[in-house]
Peer 1: 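Take this structure, written in structure tokens, and hold onto it; I'll ask about it next.
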Number of protein chains: 2
Amino acid sequence: MKYELDQAQELSAQIAQAIRDGIMEGSLIVDQRLPSESDLCEQFQVSRPTVREALKRLAAQNLIRTQRGASGGAFVNRLSFEDAYGQQITTSTLLLSMNAVSFETACEARFALERACVALAAQRRTPDQLAAMRAEIHRQSQPGLSDESFCASDVAFHRALVDAAGNPVMSYQLAGAVEAIEPLMNMITFTARKREKIVELHTLIADALEGRDAATTEAVLGQLAEHTLELAREVARMRSKSA
Amino acid sequence: MKYELDQAQELSAQIAQAIRDGIMEGSLIVDQRLPSESDLCEQFQVSRPTVREALKRLAAQNLIRTQRGASGGAFVNRLSFEDAYGQQITTSTLLLSMNAVSFETACEARFALERACVALAAQRRTPDQLAAMRAEIHRQSQPGLSDESFCASDVAFHRALVDAAGNPVMSYQLAGAVEAIEPLMNMITFTARKREKIVELHTLIADALEGRDAATTEAVLGQLAEHTLELAREVARMRSKSA
DNA sequence: AAAAATTAATTGTCAGACATTTGAAGAAAT
DNA sequence: ATTTCTTCAAATGTCTGACAATTAATTTTT
């Protein structure tokens with residue numbers, strides 16, 4: 001591990017960066033134990049609270065985990081896809097809400113990226129994944145479902161579609177795009193007729209995937225994108241009228 | 001802001017989560033000042049080091065920034081696309097290196113996602129973006145370029161391609177995929193002949209985008225993906241032979 | 001030999017202090 | 001009256017030292 005600290009930064013940030021560099025560069029490997037807090041104090045010549053703040057920074061990124069007790073300490077964490085999903089979703093959600101990203105932009109990104117999965121999904125979809133998609137379709141067609149539940153099911157459907165591509169890197173990359181849009185989708189009220197149309201398109205997608213028909217899947221996904229955008233525009237029109 | 005703390009977690013993590021929830025839910029808005037550390041101590045009934053650890057966790061995620069001095073304190077940060085890029089790249093890089101993601105998987109994800117940008121890029125590419133791509137192509141065709149520099153230029157080329165889609169959400173989502181693969185690409189030694197082929201394909205892509213020809217761009221991108229994978233397989237064969 | 005108690009190491013938390021930075025108010029000089 | 005300088009107060013950054021809680025290893029007891 002290197003111990004070169006930049007000036008003009010907070011000590012805890014410098015120490016965190018030094019350790020982070022060690023992890024990214026590979027000199028600290030997964031499950032390796034970091035020196036104890038008091039050892040780190042000596043090595044970096046700082047007090048324990050400062051070291052601890054540095055470690056908490058790393059813990060916030062899931063880069064390390066800590067264990068109490070005799071053989072405890074801080075260990076380099078294997079960043080799991082699970083952890084990475086979570087971070088992605090948090091970041092994407094905040095990014096969208098804080099930067100006033102328009103529904104159009106977010107929606108465009110989502111469907112464009114999803115389209116990238118279709119060709120692979122048509123080849124590789126498993127029966128399980130198809131079943132998951134059909135289950136969500138069934139949920140969506142139940143009357144009396146709240147808008148929130150409908151959107152949550154929509155997200156689940158699309159997650160299943162993405163997962164069907166069988167590429168964990170893509171699933172991870174798209175998790176953010178798909179989940180982060182949910183709050184925006186929740187602002188759209190889906191009337192019964194609109195829901196019917198969406199369910200119909202979802203069904204067509206599932207059918208096309210079952211038949212391993214990439215071209216049709218892609219076409220229907222395009223229709224769904226168009227339909228979703230149209231709904232959003234309609235809602236926007238109604239709002240501006242009533243205002 | 002809510003102050004409900006889950007049990008069975010570290011205090012600093014609970015406090016961080018409570019504040020994070022406030023930010024995500026919208027009760028804490030951008031540039032708003034959090035209570036001072038001593039105020040937070042009172043409100044959460046914990047000591048200052050504990051509060052500080054919580055704040056450092058949030059700072060590590062770029063959710064807050066702190067300022068010293070009279071009118072200082074912790075402020076809710078507007079998460080910029082810039083910040084989000086950085087986090088994405090860190091996370092993606094670690095994810096790939098720690099989980100032994102194969103070159104094939106990473107490469108597949110990258111080209112599939114990139115393909116999603118092409119249709120939009122063909123419509124929207126600006127002269128500046130085209131110029132950036134051509135500049136990278138020029139760099140790539142210079143003899144004597146190190147493999148690292150060649151790969152870095154490759155990344156820059158593809159970033160320009162992604163940015164040409166004119167959708168910041170997509171740029172952000174793909175930043176990780178494109179950048180994180182660079183270390184893997186660096187493991188491939190590009191002979192002069194191989195580089196020539198790549199430069200040729202890059203040129204065809206730039207030409208097709210200039211002519212706003214989405215179909216051709218997509219086709220060439222597919223060839224590039226195939227070619228890259230073939231190179232990787234070749235390298236793998238050579239390694240296994242010499243071993 | 002097995003179970004229970006002790007011990008040591010380590011992180012989690014607390015309390016209080018001082019250092020450093022920074023904006024603002026007041027005082028002094030022009 | 002305006003500008004500049006000084007002082008002050010508030011806030012974060014850091015340090016010291018201590019105690020609590022947890023856990024694995026060790027020792028003691030049965």
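We name chains A, B, ... by the order of the sequence lines, and we start the count at 1 in each one.
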Peer 1: Near DNA chain C, under 4.0 Å by heavy atom, which residues of residues 68-75 of chain A?
Peer 2: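 Heavy-atom cutoff 4.0 Å gives Arg68(A), Gly69(A), Ala70(A), Gly73(A).
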
Peer 1: Given Glu10(A), which of Lys56(B), Arg68(B), Arg65(B) fulfils the salt bridge (Lys or Arg N to Asp or Glu O under 4.0 Å) condition?
Peer 2: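 Of the listed residues Lys56(B), Arg68(B), Arg65(B), the salt bridge (Lys or Arg N to Asp or Glu O under 4.0 Å) partner of Glu10(A) is Lys56(B).
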
Peer 1: Would Arg139(B) and Gln142(B) count as having a side-chain donor-acceptor pair, cut-off 3.5 Å?
Peer 2: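 There is no such pair (donor and acceptor under 3.5 Å, judged by atom type) between the side chains of Arg139(B) and Gln142(B).
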
Peer 1: Shortest non-hydrogen contact from Met24(A) to Leu94(B)?
Peer 2: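 That would be CG-CD2, 3.9 Å.
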
Peer 1: Is there a donor-acceptor pair under 3.5 Å between the side chain of Arg78(A) and the backbone N or O of Met98(B)?
Peer 2: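 Yes, Arg78(A) side chain to Met98(B) backbone: donor-acceptor pair under 3.5 Å.
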
Peer 1: Arg52(A) has an atom CZ; how far is it from atom C1' of dC14(C), in whole Å?
Peer 2: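 About 11 Å, once rounded to whole Å.
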
Peer 1: So, is Thr66(A) near the phosphate of dT10(C), with a side-chain N or O under 4.0 Å from OP1 or OP2?
Peer 2: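 It does not, given that no N or O in the side chain of Thr66(A) lies less than 4.0 Å from OP1 or OP2 of dT10(C).
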
Peer 1: Does Arg33(A) or Ser12(B) map to a spot on DNA chain C nearer the 5' end, using the closest nucleotide for each?
Peer 2: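 Residue closer to the 5' terminus by nearest nucleotide: Arg33(A).
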
Peer 1: Would you mind telling me which of dC14(C), dT11(C), dT14(D) lies closest to the side-chain atoms of Ser36(A)?
Peer 2: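 Within the option list, the nearest is dT11(C).
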
Peer 1: Working to the nearest 0.5 angstrom, can you tell me the gap between Glu179(A) CD and Arg159(A) CZ?
Peer 2: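 Separation between the atoms: 5.0 Å.
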
Peer 1: Starting from the 5' end of DNA chain D, give me the residue, Pro49(B) or Glu37(B), whose nearest nucleotide shows up first.
Peer 2: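 In this pair, the answer is Glu37(B).
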
Peer 1: Just say parallel, tilted or perpendicular for the rings of Tyr85(A) and Tyr172(A), cut-offs at 30° and 60°.
Peer 2: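 Tyr85(A) and Tyr172(A): parallel rings.
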
Peer 1: Whole angstroms only, please: what is the CG-C1' distance between Leu11(B) and dC19(D)?
Peer 2: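 The answer, rounded to whole Å, is 15 Å.
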
Peer 1: To the nearest Å, give me how far apart CD (Gln67(B)) and C1' (dG23(C)) are.
Peer 2: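 Between C1' of dG23(C) and CD of Gln67(B): 10 Å.
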
Peer 1: Here's a test for you: under side chain to side chain contact (heavy atoms under 4.5 Å, CB included), which of Ile64(A), Leu34(A), Leu63(A) qualifies with Leu28(A)?
Peer 2: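 Checked Ile64(A), Leu34(A), Leu63(A) against Leu28(A); only one passes side chain to side chain contact (heavy atoms under 4.5 Å, CB included): Leu34(A).
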
Peer 1: Could you give the CD-to-C1' distance, from Glu10(B) to dT10(C), as a whole number of Å?
Peer 2: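 It is 13 Å, rounded to the nearest whole Å.
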
Peer 1: Separation of Ile64(B) atom CD1 from dG13(D) atom C1', in whole Å?
Peer 2: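 Interatomic distance, CD1 of Ile64(B) to C1' of dG13(D): 14 Å.
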
Peer 1: Please report the distance, rounded to the nearest Å, between NZ in Lys56(A) and P in dT11(C).
Peer 2: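 The answer, rounded to whole Å, is 9 Å.
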
Peer 1: When the distance from CD of Glu53(A) to C1' of dT11(C) is rounded to whole Å, what number comes out?
Peer 2: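 Atom CD in Glu53(A) sits about 16 Å away from atom C1' in dT11(C).
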
Peer 1: Indicate, yes or no, whether a donor-acceptor pair under 3.5 Å links the base of dG13(D) to the side chain of Arg48(B).
Peer 2: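 By the distance-only test, yes, there is a pair.
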
Peer 1: To the nearest Å, how far apart are Arg65(B) CZ and dG13(D) C1'?
Peer 2: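 After rounding, the gap between these two atoms is 18 Å.
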
Peer 1: Look at Thr50(A) and dG13(D) and indicate whether a side-chain polar atom (N or O) is within less than 4.0 Å of OP1 or OP2.
Peer 2: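 No, Thr50(A) has no side-chain N/O under 4.0 Å of OP1/OP2 on dG13(D).
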
